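Structure, as structure tokens:
Side chains included, hydrogens not; waters and symmetry mates left out as well; all remaining heavy atoms used. Everything numeric here is computed off the predicted structure, so don't read it as measured data.
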Protein chains: 2
Amino acid sequence: MKYSHRLSDAVHILTYIGASEIVEDDLSSRAIAGSINSNPSLVRRLMSSLKNAGLITSEPGRAAVSLSKPTNEITLLDVYKAIEEPDLFHVDEETNQQCPIGANIQSALHKAYNEVQQQAESEMSKITLADIVKDVVDGNKKTLS
Amino acid sequence: MKYSHRLSDAVHILTYIGASEIVEDDLSSRAIAGSINSNPSLVRRLMSSLKNAGLITSEPGRAAVSLSKPTNEITLLDVYKAIEEPDLFHVDEETNQQCPIGANIQSALHKAYNEVQQQAESEMSKITLADIVKDVVDGNKKTLS
DNA sequence: TTAACCTGTTATCTTATATGTAACATGTTA
DNA sequence: TAACATGTTACATATAAGATAACAGGTTAA
């Protein structure tokens, strides 16, 4: 998945909810889809994952989604784990076990990838939805002034 | 691309070259493909990218590829940049510019993603081909003993 | 010099995935 | 009861990775 922007759209949804004071107060999937320039079904599917991860609260029939936690307690890592595959890189699991290289490269790569993954996740855990919302709100103020 | 193992296969190729003393000394694309359990054409295409990045040296007609640098001077980051798209995450570039959120989310996400990218790349630059080769060779010794 | 091998490149096919879109069961509200 | 919402599923389309084949041209050894 190289051309995916699921994570971006999921953050967009959370930002929309968290910064709803600067938009018309319509939190329907249709209104959020309008902001993303996508469609309500995509939004509802992403929201389903966010809901399963405990990041948002919603009810059938009511356009009344809300964040389950304050924006400074929702990290980029939380969204990543709710939405994306767990691993940034993938080991080729089909290497030739009869070859000394093929038989040992998988564990060597897993070890290397784990180190990169940990650093990336550590950084993601430092970035909160509050940071994103602030950047968006500040950017909007700048436009208005 | 989510299910890609191009990076793993590229590291596999470099490891095969760098640890060729523990395999039969055949460095043809056919032999390397045999270790990956793939096909020679894929190997040659990846090698083409590795060659463009200055990591390996090869000549048409001769099965005599070699590393352009010592294994401890080739990092995982070098391979990543030679093979993969530059960005781990992708910003949705189609957001609604008429919406305060849609108009400002892109730059906020770019900023956040850049921080994660930098940490990941920093970690990748610390992992060298020498580390991978060592793990593979050690793993092989363990099997033989 | 010729047969057998190789590299480097391109093209095609298949498969996996993301997204767009529609549909529908069901809940909510005025 | 009409209008609108969510939550879920199904399907079509677009994109990308990988498998495979083909071929022009270089290399090597008998």
How close or far is atom [atom2] of [N] from atom [atom1] of [X], stated in whole angstroms?
{"X": "B:N39", "N": "D:dA21", "atom1": "CG", "atom2": "C1'", "value": "10 Å"}
{"X": "B:N37", "N": "D:dT20", "atom1": "CG", "atom2": "P", "value": "10 Å"}
{"X": "B:H90", "N": "D:dA14", "atom1": "NE2", "atom2": "P", "value": "20 Å"}
{"X": "A:L42", "N": "D:dT8", "atom1": "CG", "atom2": "C1'", "value": "14 Å"}
{"X": "B:D26", "N": "D:dT27", "atom1": "CG", "atom2": "P", "value": "18 Å"}
{"X": "B:L46", "N": "D:dA16", "atom1": "CG", "atom2": "P", "value": "17 Å"}
{"X": "B:E94", "N": "D:dA14", "atom1": "CD", "atom2": "P", "value": "15 Å"}
{"X": "B:R30", "N": "C:dT7", "atom1": "CZ", "atom2": "P", "value": "9 Å"}

- Among all residues two or more places apart in sequence or in another chain, which pass the salt bridge (charged side-chain N to carboxylate O under 4.0 Å, His left out) test with B:E59?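 Here the qualifying residues are B:R62.
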So, with a heavy-atom separation below 4.0 Å from DNA chain D, the residues of residues 8-19 of chain B are none
Any donor-acceptor N or O pair under 3.5 Å, side chains [X], [Y]:
{"X": "B:T95", "Y": "B:Q106", "result": "yes"}
{"X": "B:E73", "Y": "B:T128", "result": "no"}
{"X": "A:S28", "Y": "A:D26", "result": "yes"}
{"X": "B:S68", "Y": "B:T57", "result": "yes"}

Partner of B:D92 under side chain to side chain contact (heavy atoms under 4.5 Å, CB included), picked from A:I36, A:L7, A:V11, is A:I36
Note to self: Set out, in order, the CA-CA distance, both residues' side-chain angles and the distance that settles side chain to side chain donor-acceptor pair (under 3.5 Å) for B:E121 and B:Q117, then state yes or no.
What the structure shows: CA-CA 6 Å; B:E121 293 197 359; B:Q117 183 85 28; 2.9 Å; yes
Of the listed C:dG8, D:dT6, D:dA19, the closest approach to the A:R44 side chain comes from D:dT6
request  = Measure from the side-chain heavy atoms of B:R6 and tell me the nearest of D:dT6, D:dA17, C:dG8.
outcome  =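 Nearest nucleotide to the side chain: D:dA17.
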| Where along residues 52-62 of chain A does a heavy atom fall under 4.0 Å from DNA chain C? |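 Listed by number, they are A:P60, A:G61, A:R62.
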Worksheet item: Of all of residues 99-111 of chain B, which get a heavy atom below 4.0 angstrom from DNA chain C, listed by number?
Response: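 Those residues: none at all.
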*Got a donor-acceptor pair under 3.5 Å from the side chain of B:R45 to the base of D:dT20?*
yes
Ignoring backbone atoms, test whether [X] places a side-chain nitrogen or oxygen under 4.0 Å from the OP1 or OP2 oxygen of [N].
{"X": "B:S4", "N": "D:dG18", "answer": "yes"}
{"X": "A:S41", "N": "C:dT21", "answer": "no"}
{"X": "A:H5", "N": "C:dT19", "answer": "yes"}
{"X": "A:S48", "N": "D:dT8", "answer": "yes"}
{"X": "B:S38", "N": "D:dA19", "answer": "yes"}

Residue pairs meeting side chain to side chain donor-acceptor pair (under 3.5 Å), one or both in residues 12-24 of chain B, sequence neighbours left out, come to B:H12-B:S35
Heavy atoms of other groups near B:E94 CD, more than 12 under 6.0 Å:
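Result for CD/B:E94: open.
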Can you establish whether the number of heavy atoms outside A:K69 located under 6.0 Å from its atom NZ is more than 12?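 Counting other residues, nucleotides and ligands, NZ of A:K69 exceeds 12 neighbours.
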The complete set of ring pair (Phe, Tyr, Trp, His ring centres under 6.0 Å) pairs with one or both residues in residues 101-145 of chain B, sequence neighbours excluded, reads B:F89-B:Y113
Rounded distance [0.5 Å steps], CG in B:L55 versus CG in B:D78
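Reported to 0.5 Å precision, the distance equals 5.5 Å.
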